[in-house]
S.K.: 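Quick one: the structure is below, questions incoming.
Values below: all heavy atoms of this structure, side chains included; hydrogens, waters and symmetry mates excluded. The first residue of the sequence shown is numbered 1, and numbering continues consecutively from there.
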Amino acid sequence: MDSQVKMHYRWTVARRLIHWTTFICIAVLTFTGFYIADPFWFIYSPGTREAYNTFAMADVRFIHFTFGFIFIFAIIMRLYYAFFSRYDADWKSLLFEWFNIKEWKTVLSYYITFKPYGVPIKSKYNPLQSLFYFLFIVACFFQIISGLVMFTMGQNSILGMSFMQKALYWFVSLMGGYAHVYDLHRLLTWFFIVFFIGHVYMILAHDVGDKKGTVSSMISGYEAEKE
């Protein structure tokens, strides 16, 4: 007799909104960040266009900083739900599950052979997922701090910026100067790109292998489970 499939409610509305907000922010920040580092369109020779038509850098920087602050809010909310959500507080899995040495061999054997589906999961995440999400949170912290440092550079005329510069100067000193802060910010951008590729692979592999509707579950909130 075929086992019946039951839809299990896995992701709350808040978690789904935070997830997609974070995804959109990272996509926009990555694209605009590359443009700020090396402008690749809207480049005009002096005198060929009116000044108001050649303000692309200012517009891109405004978009970058706007989505940067939205990203900060999304990460704060994600951490809040990780610790205080009554439905899916998962801070233990995020912080400690990757210390589960016994499950690493089994998990890696699935992922290395490109067959991550069927990985036995005793908690919300397997050790590899837990490690990736933990590193993601750490990377977000340093990316946010380095981004705020660069945001305050040359902004002394804006109310509160001088105070912010002083408050964040410990990080500049720790990194050995503003140039190294910029290098860290750019390096972490590549981490997010690699993380995104790995995340998409793992989700699609689970979706194909387990047939639980893992991808669609982050839209509908429901995941299929065999009884």
Side-chain angles (χ1 to χ4, degrees), residues 11-42 52 54-85 88-91 94-95 132-175 177-197 199-200 218-219:
W11 307 111
T12 62
V13 174
R15 281 292 301 276
R16 281 177 276 154
L17 286 174
I18 292 171
H19 176 274
W20 290 113
T21 299
T22 304
F23 166 75
I24 293 172
C25 285
I26 290 177
V28 174
L29 287 168
T30 300
F31 182 80
T32 54
F34 277 122
Y35 179 85
I36 293 171
D38 185 17
F40 45 82
W41 89 83
F42 297 139
Y52 67 86
T54 60
F55 233 55
M57 178 60 76
D59 293 335
V60 173
R61 281 171 57 85
F62 174 78
I63 294 172
H64 189 81
F65 292 139
T66 299
F67 276 86
F69 283 109
I70 297 174
F71 177 71
I72 293 174
F73 175 76
I75 296 303
I76 291 174
M77 291 304 300
R78 177 63 181 91
L79 292 176
Y80 174 83
Y81 273 91
F83 284 93
F84 302 109
S85 173
D88 53 2
D90 56 357
W91 64 273
L94 287 174
L95 296 178
F132 263 73
Y133 292 142
F134 174 77
L135 293 176
F136 175 81
I137 294 172
V138 173
C140 286
F141 171 79
F142 285 103
Q143 191 75 328
I144 288 171
I145 295 296
S146 59
L148 288 174
V149 168
M150 290 188 290
F151 174 71
T152 62
M153 293 172 60
Q155 302 287 354
N156 291 320
S157 60
I158 301 178
L159 184 64
M161 284 299 105
S162 60
F163 171 79
M164 202 174 203
Q165 286 176 337
K166 293 177 182 178
L168 296 173
Y169 193 72
W170 64 271
F171 186 76
V172 180
S173 299
L174 180 66
M175 293 300 301
Y178 287 100
H180 294 301
V181 173
Y182 170 77
D183 289 338
L184 174 66
H185 197 76
R186 183 170 55 179
L187 180 63
L188 287 174
T189 299
W190 285 105
F191 167 83
F192 286 113
I193 293 174
V194 173
F195 175 87
F196 171 77
I197 295 172
H199 181 65
V200 170
M218 193 48 74
I219 299 175

S.K.: Please determine whether the number of non-hydrogen atoms from other residues, nucleotides or ligands lying under 6.0 Å from atom OH of Tyr178 exceeds 12.
M.R.: yes
S.K.: Is there a side-chain contact between Phe136 and Thr22, using heavy atoms and a 4.5 Å cut-off?
M.R.: yes
S.K.: Here's a test for you: under ring pair (Phe, Tyr, Trp, His ring centres under 6.0 Å), which of Phe67, Phe192, Phe196 qualifies with Phe23?
M.R.: Phe196
S.K.: Measure the CG-CG distance between Leu188 and Asp183 for me, rounded to the nearest 0.5 Å.
M.R.: 11.0 Å
S.K.: Distance check, rounded to the nearest 0.5 Å: His64 atom NE2 versus Phe69 atom CZ?
M.R.: 10.5 Å
S.K.: Does any part of the side chain of Phe171, heavy atoms only, come nearer than 4.5 Å to the side chain of Leu184, both counted from C-beta?
M.R.: yes
S.K.: For Val149, is there any backbone N or O sitting under 3.5 Å from a side-chain donor or acceptor partner on Thr152?
M.R.: yes
S.K.: Rounded at 0.5 Å granularity, tell me how far OH in Tyr81 sits from CD1 in Ile76.
M.R.: 14.0 Å
S.K.: Shortest non-hydrogen contact from Leu29 to Gly68?
M.R.: CD2-N, 3.6 Å
S.K.: Could you pull out all residues at least two apart from Leu187 that satisfy side-chain contact (heavy atoms from CB on, under 4.5 Å)?
M.R.: none
S.K.: Could you measure the distance from the CG atom of Leu94 to the CG atom of Leu135? Nearest 0.5 Å is fine.
M.R.: 11.5 Å
S.K.: For Val13, give me all partners under side-chain contact (heavy atoms from CB on, under 4.5 Å), at least two apart in sequence or on another chain.
M.R.: Tyr9, Arg16, Leu17
S.K.: Using atom types as modelled, flag every donor-acceptor pair under 3.5 Å from a side chain in residues 137-145 to any protein atom, sequence neighbours excluded.
M.R.:
residue : atom : partner : partner atom : Å
Gln143  : OE1  : His185  : ND1          : 3.2
Gln143  : NE2  : His185  : O            : 3.3
Gln143  : NE2  : Thr189  : OG1          : 3.4

S.K.: Quick one: does Ile36's side chain get under 4.5 Å of Met150's, heavy atoms only?
M.R.: no
S.K.: How long is the gap from CG on Leu174 to CH2 on Trp170, to the nearest 0.5 Å?
M.R.: 6.5 Å
S.K.: Would you name the heavy atoms of Ala74 and Thr21 that are closest together and state the gap between them?
M.R.: CB-CG2, 4.1 Å
S.K.: Would you say the side chain of Ile72 lies within less than 4.5 Å of the side chain of Leu148, judging by non-hydrogen atoms?
M.R.: yes
S.K.: Give a yes or no on this: more than 12 heavy atoms of other residues, nucleotides or ligands lie within 6.0 Å of atom CZ of Phe73.
M.R.: no
S.K.: Please verify the inter-ring angle class for His199 with Phe195; under 30° counts as parallel, over 60° as perpendicular, anything in between as tilted.
M.R.: parallel
S.K.: Hey, do the aromatic rings of Phe34 and Trp190 have their centres closer than 6.0 Å?
M.R.: yes
S.K.: Can you tell me how far apart CZ (Phe71) and CD1 (Ile24) are? Round to the nearest 0.5 Å.
M.R.: 13.0 Å
